[in-house]
Visitor: 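There's a structure below that I have some questions on.
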Amino acid sequence: MTSLLERYVERTEFESYEDFYENLKINVPEDFNFAYDIVDVYAKEQPDKVALSWCDEKVEKVFTFKDLKYFSDKAANFFTSIGIKKGDRVLLTLKSRYDFWYCMLALHKIKAIAVPATHMLKPEDIEYRIKVGGINTVIVIREDGVPENYAQVEKDLGIHLNKIYVGYKELEGWYDLRTEVRHASDDFKRPVYDDDSVEDTSVLFFSSGSTGQPKMIKHSFGYPLAHIVTSHYWHQVVEDGLHYTIADTGWGKALWGEIYGPWISGSGIYIYDYDRFHPFDVLSRALDHNITTLCCPPTMYRFFIKENIDDLDFSSLKHVSTAGEPLNDEVFYKFRDLTGLEIRESFGQTETVATIANFPWMDIKLGSMGKPAPLFDIKLLNSEGMECDVGEEGEIVFDISEGYPLGLFKGYYNNEEKTNETIYDGYYHTGDSAWKDEDGYYWYKGRIDDVIKSSGYKIGPYEVESALLSHSAVLDCAVTGIPHPIRGQIVKATIVLSEGYEESEELTKDIQNHVKHVTAPYKYPRAIEYVDSLPKTISGKIMRKKIRLADEEKLKNE
């Protein structure tokens with residue numbers, strides 16, 4: 001049973017990275033709709049092909065593409081019966097319930113706009129999203145106080161929402177999704193719209209909010225096809241295999257590896273809807289399901305190698321990948337020793353697909369993000385707006401002067417000012433900095449606002465964090481700059497210690513000396529603070545700005 005990939009690319013195989021970069025071409029039909037043109041086509045041509053292998057701690061379910069067409073058609077009929085129509089924004093807070101997948105497809109089918117969100121939102125977060133996004137329907141899990149939070153916000157705002165829940169026990173004023181879907185017809189005809197376009201908005205994702213209020217990131221109906229690069233050429237998913245990206249459906253990473261790219265490329269997906277992340281349980285259960293490809297943050301790989309996993313059977317696993325944080329050498333080599341597989345890093349944003357990555361034809365340089373994906377003309381610009389030389393640090397930008405690339409977001413929803421701050425003068429400005437070596441590999445430095453300027457040196461937090469994480473005592477860390485009367489700034493490390501370690505002057509000196517040996521000595525943290533946890537956004541990103549503000553407040557009070 002083959003994938004639908006060859007229907008959308010002119011070539012699927014390449015001899016080298018250069019061949020790949022120059023010759024990958026993705027064809028985007030004007031009326032492309034992922035739900036109809038991928039899922040429903042599989043349902044017709046390969047109905048028994050496995051799309052989703054799902055489990056929680058007690059139940060296991062397998063959904064074929066035929067099953068997903070059936071449930072998405074029924075859900076589409078239910079949604080239209082309660083007034084959801086093209087262009088309506090529907091917020092989904094479903095954690096990793098299997099209902100997320102057929103709901104996403106149903107919303108695509110009626111061309112409503114899906115707005116995934118995490119179940120960890122507080123009432124003030126929910127209120128902000130409903131107001132900014134013009135949300136008129138919410139679909140949420142039944143537990144963790146989530147329905148109560150949404151109902152309270154609805155009352156506080158004095159509005160009426162279509163409220164739908166997934167779970168048990170009847171809720172007054174709410175629709176029970178599974179009951180409604182069960183009773184709905186499975187006969188759904190594709191609507192015809194006079195103004196239909198592949199450029200219509202299909203998904204809105206809120207940014208992490210690490211540098212201010214979250215922004216609503218618009219992606220079009222053509223966006224799923226750009227994830228061919230993400231899944232087929234970075235994740236390297238396997239035909240009729242099972243790909244596992246470990247991410248809550250409220251995070252942008254879920255769309256990177258839990259729906260679009262794997263299915264286009266012929267792989268099923270595996271989902272474990274766990275209550276709490278227990279490293280051994282998550283990894284062993286995934287291997288018991290014979291996953292073939294895996295993508296998760298470096299933190300999770302660090303947790304995995306600290307478990308007793310030597311006796312696990314990794315024989316089904318073919319490729320592994322990671323993104324979002326420093327991947328330190330110890331994790332890379334330990335995991336390779338256990339599995340024979342090299343973890344391949346990538347760079348991207350919620351606004352994009354995988355844009356820089358370690359693709360199959362490339363030798364891995366530890367710590368490097370890799371090389372640009374063929375969809376994008378990526379450059380590094382210095383503070384004067386000039387293209388950087390080899391070894392010179394600059395901002396990662398996409399040159400869009402010759403055309404707007406597939407896979408790049410369509411701007412920030414209802415926020416022209418913020419859109420114009422990031423897309424101007426023929427470039428999309430990522431706000432991230434990096435440098436490029438003589439072989440064309442990119443090396444991440446950090447967010448531009450996070451770069452530390454000390455004694456004339458520019459120091460990226462990412463590289464110092466990577467050095468810190470290679471010390472056995474460091475479980476998690478954040479690097480920031482604090483003011484200094486002579487040096488301008490000095491490097492500060494905020495550290496969460498691994499189990500079995502305690503704060504001491506001796507440990508501080510050992511960590512500092514370790515960093516001096518791992519990276520350039522001038523980058524070592526002259527100040528270290530030990531904490532129980534780091535401030536993070538609901539999507540798990542470190543809020544360095546919050547640490548900086550707290551330090552500034554401390555200095556004022558001294």
Side-chain angles (χ1 to χ4, degrees), residues 17 234-235 294-305 319-337 339 341-349 354-373 378 380 388-396 430 432-448 450-452 457-472 474-480 491 493 495 511-525 541-542 544:
Y17 166 76
W234 173 48
H235 290 148
L294 169 69
C295 183
C296 63
T299 297
M300 289 188 178
Y301 284 110
R302 288 198 295 274
F303 283 133
F304 291 153
I305 67 169
H319 304 287
V320 288
S321 49
T322 195
E325 308 166 17
L327 175 68
N328 55 299
D329 295 6
E330 176 198 6
V331 174
F332 178 89
Y333 288 121
K334 175 67 173 176
F335 201 82
R336 189 179 69 177
D337 290 344
T339 66
L341 302 173
E342 296 183 328
I343 304 172
R344 292 184 175 266
E345 295 190 65
S346 173
F347 166 80
Q349 300 176 312
T355 58
I356 302 173
N358 285 275
F359 293 109
W361 313 270
M362 297 164 48
D363 293 330
I364 291 176
K365 291 188 179 185
L366 275 182
S368 168
M369 300 182 288
K371 295 183 180 182
I378 291 177
L380 297 176
C388 295
D389 293 329
V390 168
E392 181 186 0
E393 180 186 335
E395 183 185 13
I396 303 169
T430 66
D432 289 290
S433 62
W435 61 277
K436 183 171 66 172
D437 67 20
E438 63 279 1
D439 297 319
Y441 285 73
Y442 283 68
W443 301 76
Y444 189 73
K445 296 286 287 186
R447 294 293 295 173
I448 290 174
D450 291 334
V451 171
I452 302 158
Y457 294 106
K458 288 201 293 186
I459 302 167
Y462 200 82
E463 55 195 330
V464 184
E465 288 167 1
S466 183
L468 285 163
L469 289 167
S470 65
H471 191 289
S472 59
V474 180
L475 179 64
D476 204 359
C477 65
V479 167
T480 53
V491 177
I495 292 174
I511 290 173
Q512 290 172 326
N513 287 330
H514 174 78
V515 174
K516 290 178 184 177
H517 285 96
V518 171
T519 189
Y522 67 85
K523 299 176 184 177
Y524 86 93
K541 291 185 178 180
I542 296 170
R544 296 185 184 87

Visitor: Is the shortest side-chain heavy-atom distance between Val515 and Gln512 below 4.5 Å?
Guide: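 No, side chains not in contact.
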
Visitor: Without swapping roles, check the side chain of Lys523 against the backbone of Val491 for a donor-acceptor pair under 3.5 Å.
Guide: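 Not a single qualifying donor-acceptor pair exists.
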
Visitor: Aromatic rings Trp361 and Phe359: how do their planes relate, parallel, tilted or perpendicular, breaks at 30° and 60°?
Guide: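 Trp361 vs Phe359 ring planes: tilted.
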
Visitor: Please check if the side chain of Ser433 supplies one atom and the backbone of Glu395 the other of a donor-acceptor pair under 3.5 Å.
Guide: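 Pair absent, no side-chain N/O of Ser433 close to backbone of Glu395.
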
Visitor: Taking Asp439 for its side chain and Tyr441 for its backbone only, find out whether a donor-acceptor pair lies under 3.5 Å.
Guide: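 Here the side-chain-to-backbone pair does not exist.
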
Visitor: Are any side-chain N or O atoms of Thr322 and backbone N or O atoms of Cys296, one a donor and one an acceptor, separated by less than 3.5 Å?
Guide: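 Answer holds: yes.
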
Visitor: Between Met369 and Ile396, does a side chain to side chain contact (heavy atoms under 4.5 Å, CB included) hold up when you go through it step by step?
Guide: CA-CA 12 Å; Met369 300 182 288; Ile396 303 169; 4.2 Å; yes

Visitor: So, Asn358 and Glu342: side-chain donor and acceptor under 3.5 Å apart, yes or no?
Guide: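 No, Glu342 and Asn358 have no side-chain donor paired with an acceptor closer than 3.5 Å.
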
Visitor: Hey, is the main chain of Gly391 close enough, under 3.5 Å, to the side chain of Trp443 for a donor-acceptor pair?
Guide: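 Side chain of Trp443 to backbone of Gly391, a donor-acceptor pair under 3.5 Å: no, none is there.
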
Visitor: Could you tell me whether a side-chain N or O of Tyr301 sits under 3.5 Å from a main-chain N or O of Ser321, the two making a donor and an acceptor?
Guide: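 Looks like yes, one N/O pair under 3.5 Å.
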
Visitor: If you round to the nearest 0.5 Å, how far is CG of Leu469 from CG of Asp476?
Guide: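 It comes to 6.5 Å.
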
Visitor: Without swapping roles, check the side chain of His471 against the backbone of Ala467 for a donor-acceptor pair under 3.5 Å.
Guide: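 Answer holds: no.
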
Visitor: Within the side chain of Ser346, is there an N or O that forms a donor-acceptor pair under 3.5 Å with the backbone of Ile356?
Guide: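 Side chain of Ser346 to backbone of Ile356: a pair is present.
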
Visitor: Check Ile495, Ile511, Ile542 against Cys477 for a side chain to side chain contact (heavy atoms under 4.5 Å, CB included) and give me the one that passes.
Guide: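 Result: among Ile495, Ile511, Ile542, Ile495 is the only option passing the side chain to side chain contact (heavy atoms under 4.5 Å, CB included) with Cys477.
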
